[in-house]
Amino acid sequence: MATAGSARITALCDVYNLRLLVFLFCNCHGAKAKMNSENFSISEKIVSASYIRQGLQARRSHEQLIRLLLEQGKCPEEGWSESTVELFLNELAVMDSNNFLGNCGVGEREGRVASSLVARRHYRLIHGIGRSGDIAAIQPKAAGSSLLNKLTNSVVLDVLRMAGVRSTSSCFVVPMATGMSLTLCFLTLRHRRPKARYIIWPRIDQKSCFKAMVTAGFEPVVVENLLEGDELRTDLEAVERKIQELGAESVLCVHSTTSCFAPRVPDRLEELSVMCAKYDIPHIVNNAYGVQSSKCMHLIQQGARAGRIDAFVQSLDKNFMVPVGGAIIAGFSEPFIQEISRMYPGRASASPSLDVLITLLTLGANGYKKLLKERKEMYTHLAKEVRKLAEGHGERLLNTTHNPISLAMSLDSLEVRNPDAVTQLGSMMFTRQVSGARVVPLGGEQVIGGHTFRGFMSHSESYPCPYLNVASAIGITHGDVALCMRRLDKCLRSLRKGVGPEEAGPEDTCTEPSLVE
Ligand SMILES: *Cc1c(COP(=O)(O)O)cnc(C)c1O
Ligand SMILES: *[C@@H]1O[C@H](CO)[C@@H](O)[C@H](O)[C@H]1NC(C)=O
Ligand SMILES: *[C@@H]1O[C@H](CO)[C@@H](O)[C@H](O)[C@H]1NC(C)=O
């Protein structure tokens, strides 16, 4: 961990970088404003002066918002209108050399785009982000794209802090999904720990995060979870035993997880962080869809305060409602986060940064907080509905109160009556267009990267019952819940009658007239 002093200095450097760009921007902008006022006085000869003045003021109010963003680098409280966002993006784009009116390019990468549809899809920001050596570096050919990159990282940092990890010191958007971003973190640690071969990983049955370790060239050491009531929780003693058995310096890091499918619950982050500090082992947290939950974010904040967390990684699409393609790597030591960004070879796509910046400017801090609040309320509603449904079918809602997003409903009595029913339920839900509901039968087995997972999907070698998962993720609506419960109820009823998906009568198949409720 860096000292507070050096972290502050590097933080200042970054602010200074941003200031430089603000200066650059405002200079162009100043020149432009002058040009505009000339044009405005010409315009006054064409259209009545008072109308023109009003138009000028209207334009200024957009510009005020843009100036505030440039000065503070924070997510605006209130969301911007689309016209402000588009004005801003166009102003960024005209600062990139591919849009210079007098530009002649004789290099091998000149921001030429054959299709104007493609150019518009990217707001004519064609240069991507970074330079050959560093994804965070400023690109001299592209002041606008560089500004976009710096601003996005700064706004995203503000939002991570607002969402609960107050002491995050630095972060950056990477145009790779969560698994590959975790790989980048592990590869960065490799230089710091040349003797390390193993990554200690409390088991979570999700393939990308397992493959992230294998792809980076490390051997995952899978630590099975403990069954406590219905919940699967971190076995802290087993983690510590593994550290002692392998020797701290042959361990690259502990790789823990917050957001996960019930009945697994978020790892005991505080205790793991303290253990990592004690043995001087790095700690990387997979926070895939945890930004949307204040509980997951609080765990990270507490872990960093009490012990050691080197980086935490989260998905852009799962937390910010943008297309798949990006992640945020964040941490508490600026030099380490910079080291990760310097590991990225070459330039990168700016699309994920652009998407998340547009989204956050449009939502504003208040809009995002509202989505988080609604999600939390929908979790309570969904839990109530699943409990009601479960009890009506002789099942129960598993008691997994430590999981703030995902819920599980037992499928015990269904299986007792008909052993094939559990897998049938999965395919019935699928044909009824219920996406995301996940049926977990007992006894699955899967080999991934040479490791055999018994009881695959259930995070455990022998979970006591089969179950069904649903999640209250950001953006879920009352309509989603109502429709899912209706369809699930129908499926369960027809399975109890012993009717499989193929034989089901017309009233049992998907006959909802539309998805709109
Ligand atoms: C989504 C997710 C990942 C990463 O998957 P990607 O496809 O790489 O984004 C990793 N772990 C968990 C728990 C996830 O939910
Ligand atoms: C504004 O005025 C300048 C001359 O001062 C002119 O060259 C330019 O084309 C005008 N721009 C716009 C957008 O009208
Ligand atoms: C659920 O489990 C928690 C402990 O994790 C316990 O305190 C609570 O009483 C349980 N609730 C029910 C309804 O069993």
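In what follows, residues are counted from 1 in the order of the sequence shown. Whatever order the structure lists ligands and atoms in, that order sets their numbers, starting from 1. Just so you know, these numbers come straight off a predicted model, no measurement behind them. What you see below is based on every heavy atom in this structure, not just the backbone, and it leaves out hydrogens, waters and symmetry mates.
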Report task. Classify the contact between I204 and ligand 1 as side chain, backbone, both or neither, using a heavy-atom distance cut-off of under 4.0 Å. Result -> side chain
Query raised in the report: Relative to ligand 1, is S315 under 4.0 angstrom through side chain, backbone, both or neither, heavy atoms considered?
Result: neither
Report task. Go through the structure and list residues passing ring pair (Phe, Tyr, Trp, His ring centres under 6.0 Å) with F218, not counting sequence neighbours. Result ->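 Ring pair (Phe, Tyr, Trp, His ring centres under 6.0 Å) check on F218 returns nothing, list empty.
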[X] with [Y]: basic N within carboxylate O range, under 4.0 Å:
X    : Y    : result
R233 : E271 : no
K388 : E385 : yes
E445 : R454 : no

Query - Residues forming a side-chain hydrogen bond (donor to acceptor under 3.5 Å, both in side chains) with S115, sequence neighbours excluded - result: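 For S115 there are no side-chain hydrogen bond (donor to acceptor under 3.5 Å, both in side chains) partners, ignoring immediate neighbours.
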Query raised in the report: Do L269 and F312 come close enough that some side-chain heavy atom pair is under 4.5 Å?
Result: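 No - every pair of side-chain heavy atoms lies 4.5 Å or more apart.
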Report task. Any pair with a residue in residues 391-412 that passes salt bridge (Lys or Arg N to Asp or Glu O under 4.0 Å), sequence neighbours left out, goes on the list, sorted by first then second residue, please. Result ->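 Listed by first then second residue: D230-R396.
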Is the shortest N/O to N/O distance between [X] and ligand 1 below 3.5 Å?
X    : value
S208 : yes
G179 : yes
S259 : no

Short N or O contacts of ligand 3 with protein, under 3.5 Å, listed by atom name?
from	atom 1	to	atom 2	distance (Å)
ligand 3	2 (O)	N399	OD1	3.4
ligand 3	2 (O)	N399	ND2	2.4
ligand 3	11 (N)	N399	ND2	2.8
ligand 3	14 (O)	N399	ND2	3.2

Report task. Can you label the angle between the F186 ring and the H255 ring as parallel, tilted or perpendicular, going by 30° and 60°? Result -> perpendicular
